[in-house]
Structure formats: C-alpha cells, structure tokens
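Structure record follows, encoded as structure tokens.
Because only heavy atoms are used, hydrogens play no part in the values below, and waters and symmetry mates are left out as well, while side chains stay in.
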Amino acid sequence: MNSLDVTLNKYKSFKTNILIGDVNIDIKPNNMNSHSDQYLDLTGLHGFHPAHTFPTHAANCIDHILLKTNNVSTAVVCQTSVTDHSAVMVAIDMQIARAPILPRTNTKINYEALEDELAAINWDLFYEVYDVNTACKQFSIILTTLYNKHKITYMKAHKLYNKKPWITPSLIKSIKKRDLLHAKHNKNPNDINLRTTYYKYRNTCNFILQNLKNQYDQSLLEKNLDNPKNTWKTIKTICHLDSGKTSCLDLLDSSDTPKSALNKVNQYFTTVGSILAEDILATTQSTEEQLLSNIKAGSKGTPFSLYLTPTDSFEVAKFIMNLKTDGSPGWDELPPIVFKNLKHLIAEPLSHIINLSIISGVVPEVLKLAQVCPIHKDGDTGDPSNYRPISLLTIIAKLLEKVIKHRLSKFLEDNNLLANNQFGFRQKRSTEDAVIQLTDTVASSLDKGERCIGVFLDLKKAFDTVSIPLLLKKLEVLGVRGTALSWFTSYLSNRRQYVKLGTTKSDTMSTHFGVPQGSVLGPMLFLVYINDLCLLEAASAQIFTFADDTAILFTGSSWEDVQYKTEEGLLRVSQWLQNNLLTLNTSKTKYLCFHINNSTNPDNFTLKIHNCKLGSQAHNSCHCNSIERTRSIRYLGVIIDDKLNWSGQIEALVPRIRKLLHIFKRIRAVANQVIIKAIYYALCQSIICYCIATWGGTHKTTLIKLERAQRAALKVLYSKPYRYPTAKLYQETKVLTVRQLFVFKTILRFHKTSLDTRIKTGRISRYDHWCKPIPATQFGNRFYFAISPTLYSKANKNLHLLNLTTSKCKIILFAWLVNKSYEDTEILIQ
C-alpha cells in the first residue's frame with residue numbers, strides 16, 4: 001500500500017489515469033475483507049474508482065481496472081480460453097476534438113435607468129383594461145421594451161477574459177517574467193547562476209499563486225456555506241469535477257436541416273401522448289367519451305367547492321422573491337432577476353393581470369406558449385424518446401401558476417381530498433416517509449408469518465399522456481367547479497410549444513395531451529389525475545405512490561394465495577390504467593418475493609398481468625404479459641432487496657463515500673475547521689442519513705463497510721493517518737457514527753411524529769408509555785415500527801424529551817449520543 005501510494009503520487013497531475021492489472025485483491029461487492037477496503041480507500045484518495053466489479057478469476061474480482069477520469073468510459077470483462085483469468089478491457093472517450101474558442105457574450109442591465117423609466121409610467125389606463133389577454137400583452141410589451149432598451153450586450157475576446165479572478169495584474173507580470181527565465185534557462189542549461197535564479201523565482205511565484213488561489217477558494221466556500229447546492233458547485237469548480245452535460249446536438253442530425261430535425265423532435269413531443277392513448281382505445285375498443293362517463297358513474301364527488309380568491313401586490317411580491325435567481329427565462333427572455341429587482345414597481349400591475357385571469361376564468365394566450373428544452377435521460381442521444389421535454393415558461397406565467405397552485409393545494413389538503421398514500425409534491429411528506437411506510441409494512445407482514453409480494457410499476461411517459469378531458473372531469477369531481485373549472489379548462493387548452501437548441505428553433509405546434517413538465521401546476525395536476533389509483537381497492541393490497549413511482553404490496557397466507565391476489569390486483573390496476581389512458585411498461589415493471597430466509601423463498605414463481613378473465617380454464621396457459629422477478633430494486637433512491645437485509649443499499653453507498661475522498665483531500669488545503677465540518681455534513685453525512693431510519697437497524701456486520709468508508713472520509717478530511725484510533729477520531733471530530741446517526745434520526749422522527757399527533761389531538765400532557773409492538777421474530781426488531789418507540793422511551797428517560805420542540809430535542813439528543821462509545825450505542829439498540 002505504501003509503494004502504491006508513492007507511485008500514484010507521481011502521476012497526480014494527470015487528469016486521466018488508468019490503473020489496470022492482476023492485483024490479487026478481491027473487490028467484488030459484499031466482500032468483507034478489510035484489505036480490499038484499505039485498497040479502495042487508498043485508490044479513492046487519489047481519485048481512482050473501479051470501472052467494474054465482475055468476477056475475473058473463479059468467483060473473485062482480482063483483475064482490476066481503476067480509472068481517474070471525467071470522460072465517458074466503458075469497461076468490458078469477457079471469458080477467454082487463453083488463461084484461467086478473464087480478459088479485462090477499457091475504452092475511454094478522450095474527447096480530443098475540441099470546439100473552437102469563441103468570444104464571450106456578456107450582458108449588463110442598467111437597472112437605475114430601467115427603474116427610473118418604469119417608475120415614470122402612469123398605470124391608470126392599464127388598470128381600466130378588463131380583458132386579460134389585452135392587459136397581459138400590454139404589460140409584456142412595456143417590460144420587454146424597457147428591458148431590451150437598457151440591456152447592453154457586448155463581446156469579449158477569450159484572451160482578454162480573466163478566467164482566474166485571483167490573478168492580479170502584478171502577478172501576470174511575474175508569470176511572464178517566470179516564463180521568460182524558463183526560456184532562457186532552456187537555451188543555457190549549463191548556466192548555474194541562471195538556473196539558480198530561475199528556480200528561486202519560479203518557486204516564489206508558484207507559492208504566491210497557490211496561496212492566493214487557496215484564499216479565493218476559501219472565500220467562495222465561506223460565502224456559499226449555508227447553501228448546499230452552491231457549495232457543491234464551488235467544490236466542483238475547485239476540484240475540476242465539471243464533466244459537462246450530455247449534448248443534445250445529436251438531435252439535429254436526424255434530418256437535412258437543423259430546423260426540420262427540431263420539427264421532428266417537437267412533433268414527437270406533442271404527439272407521443274395521443275399515440276399511446278389511441279393504442280389503448282383501439283385495444284379496449286372504447287372512446288374517450290365512454291371513459292368520461294365511467295368517472296362520473298364511479299366517483300362519489302365532494303360537497304366542497306374551490307373558490308379562487310383574488311390576490312394582492314404583497315402576495316405577488318412574496319412569490320417573486322421566491323423565484324430562483326438563476327432560473328431560466330421563457331420565450332420572452334426576461335430573466336427572474338429583473339422581476340426580483342423591480343418587484344416594488346411591477347407587483348401591482350401583475351396582481352391586476354392575475355386577478356383578471358381569476359375573475360374571468362381565462363388564461364392569457366401569450367402565457368400558454370412554452371419553449372421546450374430537451375434533457376437527456378439515458379440511451380441513444382439521437383432518439384427523442386430518450387429525452388425529457390422541460391417546458392420553459394415566462395416568469396409572468398410562473399407567477400400566475402404559483403397563485404393558483406397555492407389555492408388548489410390548500411383546498412385539496414384542508415379537505416383531505418388527496419390520498420394519504422400519495423407522498424409526492426406535498427408539504428410535510430417526503431420520499432423518506434414513503435420508503436419507511438413501505439418497508440415497515442413488508443417487515444410487519446413477514447414478522448407475522450405472512451407471504452408478501454411487492455410490485456413496482458413503471459409508466460410510459462406518464463406526464464405526457466395525461467388526458468385533458470379526464471383530468472378536468474376529475475377536478476370537477478373533487479370540487480373544482482364554476483369559474484375555477486373554467487380557468488383550468490382555459491389553462492389546459494390551446495397550449496403551444498416549440499423546441500429550441502442553441503439558436504435553432506422549431507415551428508410552434510399545439511399539444512392536446514399531458515401536463516407541462518417544468519411548470520408549477522403540472523405536478524399538482526398529475527396528483528389529481530392519479531389520485532384514483534391510490535384509492536383503488538384490491539384484496540390484501542396496499543399502494544404507495546410518489547408522483548408516478550408506484551409500489552403495490554400484496555400479502556397472503558401462502559405463496560399460492562398471494563400469487564392469486566397479486567394477479568387479481570394487477571388486473572384491476574391494469575384496467576384502471578387503461579381507463580385513464582396510461583400505459584404500463586411491462587418490460588420495466590418488476591416484482592420482489594419478500595422472505596426472511598431461503599426456506600421461505602418460492603421457486604418457479606411467475607406473475608402475469610392478465611387481459612383474459614381471471615379464474616378461467618385458459619388462465620394458466622394464457623399468453624398474457626409476464627413481469628420480471630428481481631432480487632433487488634431501486635425505489636426512490638433506496639435499494640430494496642427481497643430479504644430486507646440492506647446489503648445492496650450499503651454496497652451502493654460505500655462507492656459514493658469513496659468518491660469524496662479525492663475531493664476532501666483537495667478541499668482540506670483551502671478550508672478551515674468550520675468549513676470542513678460543514679462540507680462533511682453537506683456531502684458525506686447527507687448521503688449516509690438518507691432514509692437511514694429504514695435501513696440503519698441492519699446487522700452490524702453488514703454495516704461495517706459503510707462505517708469504514710465514513711472513517712476513511714473523516715481521516716482524509718481532517719488529515720489523520722490511516723491507522724488513527726477510531727474512538728479518538730470521533731471524539732475529536734464530534735460527529736456521529738453511522739449507527740448513532742440511525743438512533744438520532746429514528747428518535748428525532750418519532751419525536752416529531754408524536755409531537756404533531758399530540759398537538760393535533762390536544763393531548764399535550766406528559767406520558768411515558770407508547771404502544772410498543774412486540775415482534776414475533778428478531779427480524780422485526782430491526783425496523784422502524786418496532787425499534788422507534790423503544791429507542792424513544794430510553795432516550796426520554798434520560799433526557800426528558802417529551803415536551804421539547806423538535807429543534808431543542810435535536811440539540812440535546814446530539815450531545816447525548818456524541819459521547820457514547822461504539823459498544824454503548826450497540827447496547828442501546830438491542
């Protein structure tokens with residue numbers, strides 16, 4: 001290891017390095033060997049990460065390809081008859097061809113002149129306009145004209161563009177003198193005096209440069225310390241981690257001219273929903289009008305009605321301030337920063353436009369035009385189906401949608417019209433809530449001796465295939481009537497969009513399906529559309545949804561019983577999807593057969609999504625689509641395996657922590673202790689803490705790899721030697737171990753939940769006894785539903801947490817846990 005460390009240090013200046021060979025250290029997943037952890041920690045410290053972990057000799061991965069690169073790479077392992085080792089190969093796109101360096105375009109806005117001219121405008125005639133389309137056009141013309149008038153765009157040559165802001169003019173002179181001495185030294189290498197002069201000057205110049213760069217980087221980190229997103233951007237800049245975004249320019253190669261190519265792309269985006277819907281209608285031999293009548297017949301409706309209250313300048317100004325400063329403008333090219341700087345002058349006219357829209361139930365036509373930006377997901381970069389169409393709307397449209405969304409979401413939440421098992425895009429609900437409820441339900445069923453199957457659905461183009469007539473009918477059933485329904489009808493009808501890449505724009509086309517992705521109202525409208533699925537009744541089934549990510553759990557007394565219930569439930573789900581013109585992607589829909597041990601693991605188990613009549617004679621021999629069984633699946637960022645032992649989740653987290661080692665090594669030179677602690681919390685602990693209340697109770701032998709990775713990150717960040725004592729490390733850094741983080745998050749979550757419940761029910765008095773479920777197996781004791789009341793009781797006896805606020809409880813609980821040893825923490829959770 002020492003020899004490898006010395007060798008890798010020699011090549012640290014290279015941006016792309018490959019370490020390849022027969023190393024004889026097994027690095028395959030689930031390997032508990034501490035030598036492999038030490039080896040991977042050391043290579044991770046130098047920026048190297050495994051390109052593959054496939055077996056290369058028997059069942060061991062001992063022939064390695066370790067890469068340090070930001071370029072796209074592909075590793076291949078193939079069998080060969082030449083030796084008993086598999087052949088390993090790697091291909092790296094070195095991106096040799098570089099785009100020509102073009103002059104920079106800078107934009108400046110004279111806000112003083114813009115503000116003065118805008119303040120001089122008399123809005124009295126504007127307030128007398130009662131047609132919302134006319135008012136919106138007038139306001140857009142005024143603001144756009146003034147913005148373009150006081151906007152200054154100029155070109156700056158690349159050679160004049162200072163890419164390194166810490167370099168001063170005097171340093172530029174020093175650099176030129178250093179380079180001149182270098183050139184003289186090369187011409188006269190035997191001149192000892194010249195060589196000595198050059199080396200001294202070079203070292204001094206480089207030392208000053210490095211110090212100034214470190215000071216500049218430290219100031220950037222201090223400035224963005226409270227913003228994790230900007231902190232991560234700063235770290236990427238300091239550590240040169242910007243790998244660049246996937247280019248969308250391959251879309252321009254699908255036709256003779258760029259515009260015709262973008263027309264094809266826009267044609268695909270605007271018609272994908274109608275094509276999928278027509279396929280479903282042809283299969284079911286029904287019409288959209290018949291599906292509308294089904295909603296009317298099958299829904300109970302609600303006695304409540306949504307009333308869109310008018311807004312005022314104060315509310316509009318609040319929404320303006322909540323805009324992202326670096327957000328993208330719409331087709332009018334008015335950036336959010338203009339609205340934020342001029343909010344005191346434009347909030348009143350904007351509130352007038354929004355109130356006209358609310359009163360008349362009409363959305364201005366200019367606000368229904370979207371500029372679409374394709375975002376690559378995965379796969380072929382020339383295929384439009386591999387892109388997500390993000391709609392860039394004007395800031396005026398976003399503000400109007402924010403006002404309406406605030407009223408719609410409050411109406412739905414106050415009247416409990418959205419299903420409790422829908423966790424997406426809602427306040428006080430998160431992915432962690434969905435994952436914990438899902439895994440607790442599985443663990444509770446297995447603890448009772450029941451059989452459990454989890455089906456994880458995948459929908460094709462879910463947001464793009466929303467039927468607008470069906471959505472409007474669902475809104476009406478939930479209580480959106482009268483003028484409010486007219487507003488949503490106007491909002492969803494006659495929408496137009498065009499695709500823009502660089503300076504090339506497609507023709508404008510109309511959309512007749514789907515809710516705009518990237519809009520403010522789109523997610524909330526999708527929740528309304530899919531709400532019936534969350535409330536679908538099926539025998540022994542529970543549904544968990546986060547937007548369109550849907551998981552369904554089926555339980556039964558035997559595998560035959562649960563198989564029948566699953567296929568019956570999937571038949572109902574499939575019928576609901578067809579009735580709502582949503583397409584199930586059967587090739588990506590997976591299921592897990594949950595079991596505690598191998599003796600309860602079913603063999604030769606298959607599931608089908610039946611189109612035939614369930615229970616018929618031809619049922620067992622039908623040709624309906626089968627769905628694939630898998631051992632593990634990623635759901636909302638957590639890898640859930642069929643034994644719920646969380647080994648896959650731990651194996652996925654360890655490489656993510658190791659990737660931080662090289663970053664921490666570079667950051668520690670420019671950061672003080674406060675920034676170092678903040679960076680650890682923002683980058684490392686945030687990864688560990690995600691859903692830790694779900695998987696943190698696993699066996700300590702499974703958790704040890706993650707604990708080693710955490711200790712390696714702390715040692716690198718705080719410049720400690722590899723064999724620094726663990727107890728002393730945590731004592732000095734004052735951070736919680738992985739197991740302590742599990743206890744901390746579990747108790748804090750239980751405290752917050754119980755406090756909210758007591759406030760809601762009015763029971764604020766002290767009580768120390770909770771309903772503590774007693775699992776029948778040791779397996780059940782590892783999950784949140786069983787361990788959270790026990791841990792909270794122990795903590796409450798020592799700390800008296802019951803009547804504390806969440807923030808006060810957090811401080812006291814941290815101080816209690818940080819001083820506990822590893823053994824004391826393990827005793828606490830037993």
Close side-chain approach of T698 and L644, heavy atoms under 4.5 Å: no
From NE2 (H85) to CD1 (I62), nearest 0.5 Å: 4.5 Å
Is NZ or CZ of R429 both nearer than 6.0 Å to the six-membered ring centre of F423 and within 45° of the ring axis? yes
Between Y724 and K720, is there a cation-pi geometry (under 6.0 Å to ring centre, at most 45° from the normal)? yes
We want to know whether Q218 and N214 form a side-chain donor-acceptor pair, criterion being a heavy-atom distance below 3.5 angstrom. no
For N186, does the CG atom have more than 12 heavy-atom neighbours from other residues, nucleotides or ligands under 6.0 Å away? yes
side-chain hydrogen bond (donor to acceptor under 3.5 Å, both in side chains) evaluation trace for K643 with N598: CA-CA 9 Å; K643 288 186 178 181; N598 292 331; 2.9 Å; yes
For K10, I'd like to know if atom NZ has over 12 heavy atoms of other residues, nucleotides or ligands within 6.0 Å. no
Closest approach of P55 to V77 (non-hydrogen atoms, all atoms of both residues): O-CG1, 4.0 Å
Can you name the nearest heavy-atom pair linking K665 to N9, along with the distance? NZ-OD1, 3.9 Å
Going by atom types alone, do H699 and N645 pair a side-chain donor with an acceptor below 3.5 Å? no
Are there more than 12 heavy atoms of other residues, nucleotides or ligands under 6.0 Å from atom NZ of K223? no
Between K715 and Y722 (side chain of the first, backbone of the second, donor and acceptor by atom type, cut-off under 3.5 Å), is there such a pair? yes
Looking only at atom types and distance, does a side-chain atom of N71 sit under 3.5 Å from a main-chain N or O of I92, one as donor and one as acceptor? no
Hey, could you give me the CZ/CG distance between F664 and L683, rounded to the nearest 0.5 Å? 5.5 Å
For the backbone of P189 and the side chain of R195, can you confirm whether one donor and one acceptor N or O come within less than 3.5 Å of each other? yes
Euclidean distance, H46 NE2 relative to L42 CG, rounded to 0.5 Å: 5.0 Å
Say whether D824 and S821, considering side chains only, have a donor N or O and an acceptor N or O under 3.5 Å apart. yes
To the nearest 0.5 Å, what is the distance between CG (D642) and CG (L592)? 5.5 Å
So do the side chains of I27 and P50 get within less than 4.5 Å of each other, counting heavy atoms only? yes
Nearest-0.5 Å distance that lies between atom CD in Q740 and atom CD1 in I692: 10.5 Å
As a quick check of understanding, evaluate salt bridge (Lys or Arg N to Asp or Glu O under 4.0 Å) for R739 and E826, giving each step before the final call. CA-CA 8 Å; R739 188 71 90 181; E826 289 298 322; 2.9 Å; yes
For A75 and I65 the tightest heavy-atom approach is CB-CD1, 4.3 Å
Got a donor-acceptor contact below 3.5 angstrom from the N206 side chain to the N203 backbone? no
Let's go through V76 and V88 carefully: what are the C-alpha distance in whole Å and the side-chain angles of both, what is the deciding distance for side-chain contact (heavy atoms from CB on, under 4.5 Å) to 0.1 Å, and is it a yes or a no? CA-CA 6 Å; V76 177; V88 293; over 6 Å; no
Looking at M1, is its backbone amide N or carbonyl O close enough to the side chain of D5 to form a donor-acceptor pair, meaning the two atoms are under 3.5 Å apart? no
Taking all atoms of both residues into account, what is the closest heavy-atom pair of H49 and G47, and its distance? CD2-O, 3.6 Å
Could you check whether any side-chain heavy atom of I657 comes within less than 4.5 Å of a side-chain heavy atom of I688, counting everything from C-beta outward? yes
Do NZ/NE/NH1/NH2 and the carboxylate oxygens of D41 and R658 come within less than 4.0 Å? yes
Hey, can you tell me if H182 and Y198 have their rings parallel, tilted or perpendicular (30° and 60° cut-offs)? parallel
If you round to the nearest 0.5 Å, how far is CG of L706 from CZ of R656? 11.0 Å
Is any side-chain heavy atom of I676 closer than 4.5 Å to one of I667? no
Take K28 and F54, measure what side-chain contact (heavy atoms from CB on, under 4.5 Å) needs, and give me the verdict at the end. CA-CA 7 Å; K28 71 176 183 297; F54 298 112; over 6 Å; no
Under 3.5 Å, is there a donor-acceptor pair between the D63 and T56 side chains? yes
Taking W646's backbone N and O only, do any of them form a donor-acceptor pair with D641's side chain (distance below 3.5 Å, no angle check)? yes
Flag for Y680-Q710: side-chain donor and acceptor within less than 3.5 Å: yes
Are side-chain N/O atoms of S86 and Q79 paired as donor and acceptor at under 3.5 Å? no
Check whether any side-chain heavy atom of H64 lies under 4.5 Å from a side-chain heavy atom of L19, and answer yes or no. no
Is the ring centre of H185 less than 6.0 Å from the ring centre of Y201? no
Given the ring of Y784, does R749 sit roughly above its face, with NZ or CZ under 6.0 Å from the centre of the six-membered ring and within 45° of the axis? yes
Quick one: are E432 and V435 in side-chain contact, heavy atoms under 4.5 Å? no
Classify the ring geometry between F785 and F783 as parallel (under 30°), tilted (30 to 60°) or perpendicular (over 60°). parallel
Which pair of heavy atoms, one from R668 and one from V716, lies closest together, and at what distance? NH1-O, 2.6 Å
Examine distances only and state if a side-chain atom of Q649 and a backbone atom of I639 form a donor-acceptor pair shorter than 3.5 Å. yes
Taking the side chain as C-beta and beyond, is there a heavy-atom pair between L799 and L813 under 4.5 Å? yes
Test log, rule side-chain contact (heavy atoms from CB on, under 4.5 Å), inputs L66 and Y39: CA-CA 11 Å; L66 300 177; Y39 169 72; 3.1 Å; yes
Check whether any side-chain N or O of S444 sits under 3.5 Å from a backbone N or O of T441 as a donor-acceptor pair, and report yes or no. no
Shortest non-hydrogen contact from T746 to F742? OG1-O, 2.7 Å
Do the side chains of T439 and F594 get nearer than 4.5 Å, heavy atoms only? no
Does T777 offer a backbone N or O that forms a donor-acceptor pair with the side chain of D447 under 3.5 Å? yes
Begin from the C-alpha positions of I208 and L212 and carry the test side-chain contact (heavy atoms from CB on, under 4.5 Å) through to its verdict. CA-CA 6 Å; I208 295 173; L212 287 175; 4.0 Å; yes
Counting distance only, does the side-chain N/O of D26 pair as donor-acceptor with the main-chain N or O of C61 below 3.5 Å? yes
